[in-house]
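The residues of the chain are indexed from 1 along the displayed sequence.
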Amino acid sequence: MKLSKIYDPRQMNSYQFVAATGLVMTLLANIILALVGKEIENFNALYLCWAVFFTLGTIVNFRSKPEDDHHHHH
């Protein structure tokens, strides 16, 4: 099991990459909301959604075989 599939963007699948990007964007949005003094009800639930999405993507990534890789390397 390659743990780099969890933290290395080059080893992540698209689900993990989207979840990681969503997590970063949610964090930035949360900072901006705090700076302008706004609060959105249940906004923090997005963190749980991204974490679940990332976890499911990680499970798929660990279960995939190298020959299942659909990336096109040139």
Q: State yes or no: do Leu46 and Leu35 share one hydrophobic cluster built from I, L, V, M, F, W and Y residues joined by side-chain heavy-atom distances below 4.5 Å, directly or via other members?
A: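 Yes: a chain of side-chain contacts under 4.5 Å links Leu46 to Leu35.
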Q: Regarding Asn30 and Tyr47, is there a side-chain donor-to-acceptor distance under 3.5 Å anywhere?
A: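 A donor-acceptor contact under 3.5 Å links the two side chains.
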Q: Between Asn61 and Ser64, which heavy-atom pair has the shortest distance, and what is it?
A: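 Nearest pair, atom of Asn61 first, then Ser64: O-OG, 2.9 Å.
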Q: Using the rule that two of Ile, Leu, Val, Met, Phe, Trp, Tyr join whenever any of their side-chain heavy atoms come within less than 4.5 Å, decide whether Val24 and Ile32 are in one cluster.
A: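 Result: no, two separate clusters.
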Q: To check you understand the geometry: which heavy-atom pair defines the closest contact between Lys5 and Gln11, and what is its length?
A: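 Scanning both residues completely, I find the closest heavy atoms to be CA-CB, 3.7 Å.
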Q: Run the side chain to side chain contact (heavy atoms under 4.5 Å, CB included) test on Val18 and Trp50 for me, step by step, so that the C-alpha distance in whole Å, both residues' side-chain angles and the decisive distance to 0.1 Å come before the verdict.
A: CA-CA 9 Å; Val18 167; Trp50 292 128; 4.3 Å; yes
Q: Which pair of non-hydrogen atoms, one from Thr58 and one from Gln16, has the smallest distance, and what is that distance?
A: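 Here Thr58 and Gln16 meet closest at OG1-NE2, 2.9 Å.
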Q: Membership question, hydrophobic clusters at under 4.5 Å side-chain separation (ILVMFWY): are Leu23 and Ile40 in the same one?
A: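 Yes: a chain of side-chain contacts under 4.5 Å links Ile40 to Leu23.
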Q: Can you hop from Ile31 to Phe43 via hydrophobic side chains spaced under 4.5 Å?
A: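 Yes, because Ile31 and Phe43 connect within a single hydrophobic cluster, where side-chain heavy atoms sit under 4.5 Å apart.
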Q: Side chains of Tyr15 and Phe54, heavy atoms from C-beta outward: is any pair under 4.5 Å?
A: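 Not in contact.
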Q: Using a 6.0 Å cut-off, check whether atom CZ of Phe62 has over 12 heavy atoms from anything other than its own residue.
A: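 Check passes, neighbour count above 12.
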Q: In terms of hydrophobic clustering (I, L, V, M, F, W, Y; side-chain heavy atoms under 4.5 Å; direct or indirect links), are Phe53 and Ile6 co-clustered?
A: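 No, it is not one cluster - the side chains of Phe53 and Ile6 are not joined through contacts under 4.5 Å.
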